[in-house]
Amino acid sequence: MTTLRRTVPFVARSGKDHSARILLVDRAELPLAAAGDAQLSATLRRPISLGPADQGIPADEVERLVEEQYQAALEFVYGHPVWQRIREGEALGAVRAYLMESRHYLAAAPFRMASGITDALRPSELVRLQAHHVVEEADHDTYFENGLAALDIPRDLVRQARPSPVTVEWIHLMRTVAAYGPLAAALCSGLLEYTAGDQKSVAGWHTMLHERGMLPKEAVEAIFEHVETDLGLGHGNNWRDAVRAAKVVPAAELADWLNAVTLVAEMIVRWLETFEAGLSSETVAASPGLELEGAAPVLGGEADGLPVWPAEIYASYAHGPRSTASGVRRVLALSYAYSGRAVQHGATGNSTTAVASDLVGRTAREWDGRTDEVGLEKLVESWMVAIDGHALWQRMTEDPTLPLVHGYMVENYHYVAGIWQHTGGAVAACPDPVIRNELVKHLIEEFNHGKMFLRGIKKARGSRDHGLTPDRMRPLATTVAFVGTLRELAQRDWKAYVLALAYLQLTLSAAGTTVHSRHEDFYRTLFDRLPESEQLVSAMRTHDAEDTRLGHGDDTRDLLRLLAQRHTITRESVAAAALVPQLAWSFLDGILQHYRHGEAAVLQRAGWHVEG
């Protein structure tokens, strides 16, 4: 290893100029232009080796490696300028968003953590540690509910508010990495708890929130009680206990877990990016005095995707709307967070809540209750709004760059290669032999499509990437969350997975065996704007043509017909499937937000690996 390659680097904000982006390599800041330096670029693209794949790494060495990666990751997380703006008393909205979205994240703790204890051969010490952690974290959302109650936010509004799209991504990322096993779960959650032992700094931070007038004393005391509880439970050392219980960790597994830690750090910073411009803070500000009417959702916000919103609404809630008008922000916030159920008694027909309810009725895609084949097809086709108007398409057709197109192809490689996991999960879960055979057929036909992408990208890139091929690149956190959501959905509700699969397949197909014209129009426009992208994107076009030749659109309609004829479809299955369009929006948004930073964003996907 070279001096500057002890840990995975990050694309971060500059400590000197917060509007500028830099490569954070360990603790050194390099300009993004470093990606254009032939010698330095070759070094940065080279994955960090843990040595031979067949070796075991003892616990004390694992601890050292994990701690070094933690320190680099937290330099990235705590270097985000939102923390400084909060310290300066200039980011009240960010504090409000932090309270609400932290509550949602903590409320999902059992959902995102417990998968780490389910797949072990026997209840080992590692499994016991993770199970104990799940139990201890199960009710910690209460502290943030108490903090929000001190801001006069009714508890039922807090509990029924829809989490930000990025909070949902983070929950599903953590659920995905937890499913790898209890050690992966412990190392990834350990990043969040690593700094908890510095009680003096943490206490000073919370005191500052009150002294700056950003939160009332009661709210600060409520959320600091969460910190004190974690300290009392010793959560800062959970990851060390897990490493010592493991004794020796296979090098290949440790490479995966260290890469997973970096994804958690990247997701946290993506989450922080939403606090000021996004609409969570507006939801908090608008909620005092409101009530909810209508039936409460049965599923938690981390698992219920209804209603499905146009891409513009997801983007507005996460990153802020194009309009800066306060009325627009509030209407969009209440529409998304409460799905038109929030009311203010005595308000006129032109009130904010009335306008929000009207927007939901005109824009959101609910389920009309139809369970016949045609009704189900129309339902999943209506969900296309979540991706059809995505800003990524506008960027790629109006101002494309080769790194953005490269990143788009790499993330699609990771998505397509994940077919084994999620369709395999559905095959294992489906008790209907007829539908199960259709799922097996789909798995067979898609089995080698990941290799198709890999070969195509390698051929187009040649030797320019110094060995950093897609299979050696870390997928984005949003990609992992998307594929992980599909996998766990298949295991949890195979009917919902069939609906989600139909949605994903019908994004490509027109009637019969024709590729939808919008895809060909997209390719033609992209190639006109950026001719050098054509060879790189050839793998995608080949995949589209192959899916069309295999008749996946017709196969999908057959699956919907069988599902409608042979089974009862419930609202819970539809709501669970409807989360996939939202995570598909996130998948595309992750590509746009990361790879827009150029060639440095591509080389930054290098990570930990093993030899041979």
Any luck finding a side-chain donor-acceptor pair between E438 and H442 under 3.5 Å? no
Heavy atoms of L334 and L290 approach each other most closely as CD2-CD1, 3.8 Å
Is the backbone of N259 close enough, under 3.5 Å, to the side chain of T262 for a donor and an acceptor to pair up by distance? yes
Looking at E145 and R159, does any basic side-chain N land under 4.0 Å from a carboxylate oxygen? yes
Would you tell me whether H406 and Y595 have side-chain atoms, one donor and one acceptor, within less than 3.5 Å of each other? no
Okay, side chain of R487, backbone of G424: is any donor-acceptor separation there less than 3.5 Å? no
Do W393 side-chain atoms and I387 backbone N/O form a donor-acceptor pair below 3.5 Å? yes
Taking D372's backbone N and O only, do any of them form a donor-acceptor pair with R561's side chain (distance below 3.5 Å, no angle check)? no
For I171 and A108, which heavy atoms make the closest approach, and how far apart are they? CD1-CB, 3.7 Å
Side chain of R365, backbone of T363: donor and acceptor closer than 3.5 Å? yes
With sequence neighbours excluded, residues passing side-chain hydrogen bond (donor to acceptor under 3.5 Å, both in side chains) with N437: none
Between atom CG of L476 and atom OG of S586, what is the distance when rounded to the nearest 0.5 Å? 12.0 Å
When the ring planes of W585 and H319 are compared, do they come out parallel, tilted or perpendicular, using 30° and 60° as the limits? tilted
Among all residues two or more places apart in sequence or in another chain, which pass the salt bridge (Lys or Arg N to Asp or Glu O under 4.0 Å) test with D141? R103
How are the rings of W494 and H567 set to each other: parallel, tilted or perpendicular (split at 30° and 60°)? perpendicular
Ring centers of H172, F111 separated by less than 6.0 Å: yes
Can you check whether T570 reaches S573 side chain to side chain, under 4.5 Å on heavy atoms? yes
Going through the distances and angles, do R557 and E377 end up as a salt bridge (Lys or Arg N to Asp or Glu O under 4.0 Å)? CA-CA 7 Å; R557 293 176 178 91; E377 184 174 345; 2.9 Å; yes
Using modelled atom types only, decide if a donor and an acceptor are shared between the side chain of W367 and the backbone of A575 within a distance under 3.5 Å. no
Candidate pair Q582 and R162, rule side chain to side chain donor-acceptor pair (under 3.5 Å), full reasoning: CA-CA 12 Å; Q582 178 177 321; R162 187 171 187 167; 2.8 Å; yes
Residues in ring-ring contact (aromatic ring centres under 6.0 Å, His included) with H104, at least two apart? none
Salt bridge (Lys or Arg N to Asp or Glu O under 4.0 Å) against R455, all qualifying residues, sequence neighbours excluded: none
Could you tell me which non-hydrogen atom of L489 sits nearest to which non-hydrogen atom of A496, and how far apart they are? CD1-CB, 3.6 Å
Please name the pair of heavy atoms, one in T283 and one in S287, separated by the smallest distance, quoted to 0.1 Å. O-OG, 2.6 Å
Do H449 and E446 pair up side chain to side chain, a donor and an acceptor below 3.5 Å, judged on atom types alone? yes
Parallel, tilted or perpendicular, judged at 30° and 60°: which one describes the rings of W309 and Y336? tilted
Side chains of H133 and S189: closer than 4.5 Å at any heavy-atom pair? yes
I would like to know whether E398 and R529 meet salt bridge (Lys or Arg N to Asp or Glu O under 4.0 Å); could you show each step before the answer? CA-CA 7 Å; E398 294 182 3; R529 296 277 186 178; over 6 Å; no
What pairs with E312 under side-chain hydrogen bond (donor to acceptor under 3.5 Å, both in side chains), at least two apart in sequence or on another chain? R322
In chain order, what residues pass the salt bridge (Lys or Arg N to Asp or Glu O under 4.0 Å) check against R436, with sequence neighbours excluded? none
Should the pair E534-R524 be classified as a salt bridge under the 4.0 Å nitrogen-to-oxygen rule? no
For the residue pair Y415 and F482, is the inter-centroid distance of their aromatic rings smaller than 6.0 Å? yes
Can you measure from CG (L263) to CE (M174) and round to the nearest 0.5 angstrom? 10.5 Å
Please check if any side-chain donor atom of E169 sits under 3.5 Å from a side-chain acceptor atom of T478, or the reverse. no
With sequence neighbours excluded, residues passing side-chain hydrogen bond (donor to acceptor under 3.5 Å, both in side chains) with H414: none
Does R112 have any salt bridge (Lys or Arg N to Asp or Glu O under 4.0 Å) partners at least two apart in sequence or in another chain, and if so, which? none
Measure across V331 and S335 and return the closest heavy-atom pair with its distance rounded to 0.1 Å. O-OG, 2.7 Å
Is there a salt bridge (Lys or Arg N to Asp or Glu O under 4.0 Å) between R571 and E366 once you walk through the steps? CA-CA 10 Å; R571 181 177 179 80; E366 257 291 355; 3.0 Å; yes
Determine whether a donor-acceptor pair (N or O, by modelled atom type, separation under 3.5 Å) exists between the side chain of S538 and the backbone of Q535. yes
Considering only NZ, NE, NH1 and NH2 on the basic side and carboxylate oxygens on the acidic side, decide whether R541 and E520 come within less than 4.0 Å. yes
With a 4.5 Å heavy-atom cut-off, do D304 and E572 have their side chains touching? no
Contacts of D139 meeting side-chain hydrogen bond (donor to acceptor under 3.5 Å, both in side chains) (sequence neighbours excluded), chain-then-number -> none
Main chain of A318, side chain of S164: is a donor-acceptor contact present, judged purely on distance under 3.5 Å? no
Heavy-atom side-chain contact between T167 and W271 under 4.5 Å: yes
If you measure from the Lys or Arg side-chain nitrogens to the Asp or Glu carboxylate oxygens, is any gap between K495 and D493 under 4.0 Å? no
Counterpart residues, ring-ring contact (aromatic ring centres under 6.0 Å, His included), relative to F527 (two or more places apart): none
Partners passing ring-ring contact (aromatic ring centres under 6.0 Å, His included) against Y338 (at least two apart in sequence or in another chain): none
When you compare the side chains of E302 and Y105, does any donor N or O come within less than 3.5 Å of an acceptor on the partner? no
Provide the closest heavy-atom pair for T353 versus A342 in the form atom of the first, atom of the second, distance. CB-O, 3.3 Å
Pairing of R270 and D589 as salt bridge, 4.0 angstrom limit: yes
Tell me whether R474 is salt-bridged to E266, with the criterion being a basic N under 4.0 Å from an acidic carboxylate O. yes
Distance (rounded to the nearest 0.5 Å) between L504 CG and T556 OG1: 9.0 Å
Could you check whether T479 and E411, counting side-chain N and O atoms only, form a donor-acceptor pair closer than 3.5 Å? yes
What residues form a ring-ring contact (aromatic ring centres under 6.0 Å, His included) with W383, not counting sequence neighbours? none
